[in-house]
Amino acid sequence: MNTTQSTTITTATFPGCTPRLLSAQAGREDLAAYRQLGGYRPLADAQALLGEIEASGLVGRGGAAFPLAVKLRTVRDNGLLITAAPVVIANGEEGEPASVKDRWLLRSRPHLVLDGLRLAAAVVAADRAYVYVSDPESAHSVETALGELDSGALGVTVHVLTVQPGYVAGEETAAVRVINGGLAKPTDKPPRPFEAGVDELPTLVSNVETLANLPYVQGNGSAAFRSQGTSLSTGTFLATITGAGKPPVLYELPHGLAFTELLALHGISPENVRGALMGGYFAGLLNRAVLETTLDHETMRRLGSGLGCGAVSVITDDCPVAVAAAVLAYFDRENAGQCGSCFNGTAAMAAAAGALRDGAATKEDVDRLRRWSVLLRGRGACATLDAATNVAASLLDQFPAEVAAHLDKTCPDCAGGAFRAERPYEAQALRQA
């Protein structure tokens, strides 16, 4: 295992997995170091690169796992239809508390992100791009990187935009809304940004880790990209691992890695694992069945869960009921306050889960929580309400014995004080540097 310890966070790659995104050097990689690695290669044929991206199977690393080539092609074609240059946004806001991968990339390898942004802009024929962040240190790192480049070197004008952090601030329509002069809150869809985004132009909004994979595809080709991962979840991904009473670590892992191999890498015994909070807070909880899984999108979907942004919080000593209650309370605080179904729904689910945690809930409260977890799905302008329903539904489905123990007020884990974190399993290290 290749490990780098810095004052912010430990990074590591899986043994035998040559890193594509992480770097062995500590600190920020400057232009000279990035060029020495082959960065900013001339691009002879943007459409040939699009073909390689499509063949690579690269999907978004921000949460939805949508094929990047489809987004690129759609934005390019929409720009051709209206004979106007599209816009590209590198989304590094990373409002997910359990994830630090985007901050690490922006702080440590800003040229890798800008190189990927350059390539995406060339593919869609954009003439304007934005790096959208909420971390001031990330913004400073990117601005420094832009200052190291010659004017016009990227072939696109790049602006860095910093907003106040928030769970909903990184939603793609929230990013567009900010650039258009509004609040960092989601808007109703349609239209989606690929149809009408910044200044009503077709807009590509892509996570910074997704973009950071493009220089590898350009330099090595689709076959090399697919040499790691599975046939449906190709390449490597960045995983922020928290929980289990251990400091967070940012790993670069091949898709398809057995969950137990990740535990061994992180120094956690499978015997101590009760489950995991998957995909950051979005995909909900899994019980000990997680020990039989592999870390890829297709396997997680079969379990009704998801890999999301690659954040995995391992649950050992904490009660899953208390973990779910803490996450739902977070969603209640962080919802945008724009949709009645979300504003009221997250509050209701948080109250029911909190009462369950505290031994004050009835069977009727649990029945209501289950009903809300189904009926409220898909009703918000963004994914916050869906995330809350995922957490509620997965708690009830995956941990029925623990739910019953709380109804009976017999949970041994919560007798001495339940898990009440304001931002459960937050990856604190890089956020407070």
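The first residue of the sequence shown is numbered 1, and numbering continues consecutively from there. Predicted, not measured: the structure shown is a model, and the values here were computed from it.
The six-membered or imidazole ring of Tyr34 lies near that of Tyr40, with a centre-to-centre distance under 6.0 Å.
Between the His255 side chain and the Gly235 main chain, a donor and an acceptor come within less than 3.5 Å of each other. Judged by distance alone, with hydrogens and angles left aside, the side-chain atoms of Arg288 form a donor-acceptor pair with the main-chain N or O of Val273 at under 3.5 Å. A distance-only check finds a donor-acceptor pair linking the side chain of Glu252 to the backbone of Leu21 [under 3.5 Å]. Gln228 places no side-chain N or O within 3.5 Å of a backbone atom of Pro254 that could act as its donor or acceptor partner. With hydrogens and angles disregarded, no donor-acceptor distance shorter than 3.5 Å links the side chain of Arg226 to the backbone of Thr234. Here the side chain of Asn91 pairs a donor or acceptor atom with the backbone of Gly170 at under 3.5 angstrom. Judged purely by atom type and a 3.5 angstrom limit, Arg61 uses its side chain to pair as donor or acceptor with the backbone of Val59. The main-chain N or O of Gly256 is never found under 3.5 Å from a side-chain atom of Thr230 such that the two would form a donor-acceptor pair. A distance-only check finds no donor-acceptor pair linking the side chain of Arg103 to the backbone of Ser138 [under 3.5 Å]. A donor-acceptor distance shorter than 3.5 angstrom exists from the side chain of Glu334 to the backbone of Tyr167, with no hydrogens or angles considered.
A salt bridge does not link Arg107 with Glu137: every distance from a Lys NZ or Arg NE/NH1/NH2 to an Asp or Glu carboxylate oxygen is 4.0 Å or more. Using a 4.0 Å cut-off between charged nitrogen and carboxylate oxygen, Glu148 and Arg28 count as a salt-bridge pair. Note on Asp367 versus Arg371: no salt bridge recorded, every NZ/NE/NH1/NH2 to OD/OE distance being 4.0 Å or above. Between Glu171 and Lys189 there is a salt bridge, since at least one side-chain N of the basic residue sits less than 4.0 Å from a carboxylate O of the acidic one. Ionic pairing of Asp365 and Arg370 is not present here: no N-O contact between side-chain nitrogen and carboxylate oxygen is shorter than 4.0 angstrom. At a threshold of 4.0 Å, the pair Glu402-Arg274 counts as salt-bridged, since one of the basic side-chain nitrogens sits closer than that to a carboxylate oxygen.
For the 3.5 Å distance criterion, the side chains of Asp397 and Ser394 fail to qualify, holding no donor opposite an acceptor.
Aromatic ring pairs are classed by plane angle as parallel below 30°, tilted from 30° to 60° and perpendicular above 60°; the pair Tyr281 and Tyr330 is perpendicular.
Rounded to the nearest 0.5 Å, atoms CZ (Phe237) and CG (Leu253) are 4.5 Å apart. Note that the CG atom of Leu396 and the OG atom of Ser373 stand 6.0 Å from one another [nearest 0.5 Å]. With rounding to the nearest 0.5 Å, the separation of CG in Leu265 from OG1 in Thr13 is 8.5 Å.
In this structure, Asn390 and Phe282 approach most closely via the heavy-atom pair ND2-O, 2.9 Å. The shortest heavy-atom contact between Ser305 and Met278 is OG-CB, 3.5 Å. Taking all atoms of both residues into account, the shortest heavy-atom contact from Thr242 to Tyr425 is OG1-O, 3.3 Å.
Inter-residue side-chain proximity for Val374 and Thr389 is flagged as unmet; no heavy-atom pair is nearer than 4.5 Å. The shortest distance between side-chain heavy atoms of Asp413 and Asp318 does not fall below 4.5 Å.
When the shell of 6.0 Å around NE2 of His140 is examined, it contains 12 or fewer heavy atoms from other residues, nucleotides or ligands.
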